[in-house]
Structure formats: structure tokens, C-alpha cells
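In each ligand, atom 1 is the first atom listed, and ligand 1 is the first ligand listed.
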Amino acid sequence: MIGNDLETARENLPSHVAIIMDGNGRWAEKRGLLRYFGHDAGMKAMTEIVRYASDMGIGYLSVYAFSTENWKRSEEEVSGIFKLLLIYVDKELDELHRNNCKVNILGDTTGMSRIVLKALEKVREKTKGNTGMIFNICLGYGGRAELARAARSLAGKVADGTIAPGEIDEDAITDALYTGGMPDPDLLIRPGGEKRLSNFMLWQCAYTEFVFCETLWPDFTKEDFDKAITEYEARKRRFGGRK
Ligand code: IPE
Ligand code: IPE
Ligand code: MG
């Protein structure tokens, strides 16, 4: 098993890896194809990396699949992305389950069709008892919207007397996020050449290590994933303290 070999070879595997899967459109445009085919190729890359990360023993994998801002794209592109997501879920659910992965959908599902919501609920429900890798698919996700939602939830608790204003501390905010109960990402990988967060996990990435690469997401391979992990392992994390 390649995964087990890797696991024993690695000393300092990140517990939580996040990926901003970027570059699908450019990948397609370079080939004279419709953007849809870039998203299709991106789903294939995702399938491979999810499998690999799970075999490697990664505890949490979060992928940024569709942002709150991505709703600004054409209706044709958006519906293509959700159609591909349905195909992915339909094809991969059994394998994800066999691999003991627990799938969470993080984000605001407002605006998604009933058929998409039903498929997402099916994946969540089927894998909810699994104890292997936690696979977070961030969909309709935005870091600012997530923080605003957490603020509303905490304000509601203050209003109904469940908590006092003074109890709103960093832990309370952390717990009120979609990622409540999970560790912050140790490593964030952004393929596609852009060096920005694009509203991804703003709170959670306070001390995350970033690895950017030029490779467009559909071309991103297991070897690229390995390279990012190796780079992470060589980093010295200080969290503001001193060694
Ligand atoms: C990432 O690829 C996928 C989504 C944002 C849904 P893009 O579609 O952003 O690809 P580029 O950045 O235009 O190449
Ligand atoms: C970030 O990529 C969102 C996802 C990968 C889902 P974008 O392509 O939307 O980000 P910008 O517009 O380049 O910042
Ligand atoms: Mg992009």
C-alpha cells in the first residue's frame, strides 16, 4: 500500500490540508475548450487527490469548490459546475464510503437546486458515521459570510440568554464556524498561479502555511501534492512564539 509507506516515511504530516482548486477555466481556454471541460478535468483531479490524501492518512481535507462570489459567473458556467458535482457525487459516493471518508458540505446552499441539495444530503447522511478522513467540500462558501453567520448565531444566543456577551471569545467564534470542532488548516495549497485567499477560511488560516504553485488545478497530480507536503514539513512554525 503506497499510502501506508508514505505515512510511515513522513514525520510531520499536516493534520488538515486545504486546497483552493483554481485554474480550471484557463486550463480549458488553453486547449480551446469550453470552461465546462476545465471544471470536468478539475473534478477528475479532485477525485485523485481525495483518494491519495485519504490513503496517506491526512485527517482533514478541505477543498474550495465554489465560492459565494462564484455565483457572479454566467448561469451556464454555474449550472455546469453543479452538474459536474452531481456526477462526482453519484460516481464516487460508494468509494468514499468504502474508504471510510466522512463528507461535510461547508457553505450556504441557498440558490442550489433541489436535486443538488438532495444529492448533497445523501452523501452527508451515508458517510456521517465514518471515522476516516474528514472531507470538507466548501460550496457556496465564503469566509466573510461564514463569520457573519457565526456572529448572528452568537448574537442569537446572547439574545435568548444562553450565553453572556463576555463569553464571546476566540473559542466561541471558532466553534460557531462551519469548521467548528475541527483543527485549523495546517497547510493551504493554491494551484493556478494566483497568490491570494479569495475569501477562503479567513479566520482558520491565521497560522496556516501557504504553498502556491503555477500548475493549473486539472494538471495537479499526486506528485504535486507530495511536493506541497514536503515543503510544509520543512517549514518552521512558531505561532508568534520563540523556539
Ligand atoms: C476554479 O477554476 C473553479 C471555480 C472557481 C469554480 P476557475 O474557474 O476559477 O479557473 P480560472 O481561474 O478561471 O482559470
Ligand atoms: C477561488 O477561485 C474559488 C474557488 C477555487 C472555488 P476564484 O477563481 O473564484 O478566485 P479569484 O476570482 O481568482 O480570486
Ligand atoms: Mg479562478
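Here's the thing with Y64: none of its N/O atoms is less than 3.5 angstrom from an N/O atom of ligand 2.
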* Walk me through it: do E231 and R235 pass the test salt bridge (Lys or Arg N to Asp or Glu O under 4.0 Å)? => CA-CA 7 Å; E231 189 171 333; R235 300 271 177 94; 2.6 Å; yes
* Begin from the C-alpha positions of D219 and R26 and carry the test salt bridge (Lys or Arg N to Asp or Glu O under 4.0 Å) through to its verdict. => CA-CA 11 Å; D219 290 327; R26 278 163 286 159; over 6 Å; no
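When non-hydrogen atoms are compared, ligand 2 lies under 4.0 Å from the backbone of A65 (N, CA, C, O) but not from its side chain. Contacts between R35 and ligand 1, counted as non-hydrogen atom pairs separated by less than 4.0 Å, involve the side chain only.
Protein heavy atom in closest approach to atom 10 (O) of ligand 1: G25 N, 2.9 Å. At the top of the distance list for atom 9 (O) of ligand 2, counting protein heavy atoms only, stands N70 ND2, 2.9 Å. Protein heavy atom nearest atom 13 (O) of ligand 2, with residue, atom name and distance: R196 NH2, 2.8 Å. In terms of protein heavy atoms, atom 14 (O) of ligand 2 is closest to S198 OG, 2.6 Å. When only non-hydrogen protein atoms are considered, atom 5 (C) of ligand 2 lies nearest to M21 O, 3.4 Å.
Aromatic rings of W27 and Y36 (six-membered ring for Trp) have centroids beyond the 6.0 Å cut-off, not under it. Aromatic rings from F82 and F66 are positioned such that their centres are separated by under 6.0 Å.
Using a 4.0 Å cut-off to heavy atoms of R26, the atoms of ligand 1 that qualify are 11 (P), 12 (O), 14 (O).
Excluding waters, the set of protein N, O or S atoms lying under 2.8 Å from the Mg ion (ligand 3) comprises D22 OD1.
The closest side-chain heavy-atom distance from K102 to T131 is not below 4.5 Å.
No heavy atom of K72 sits closer than 4.0 Å to any atom of ligand 2. Using 4.0 Å as the threshold, R73 has a heavy atom nearer than that to some atom of ligand 1.
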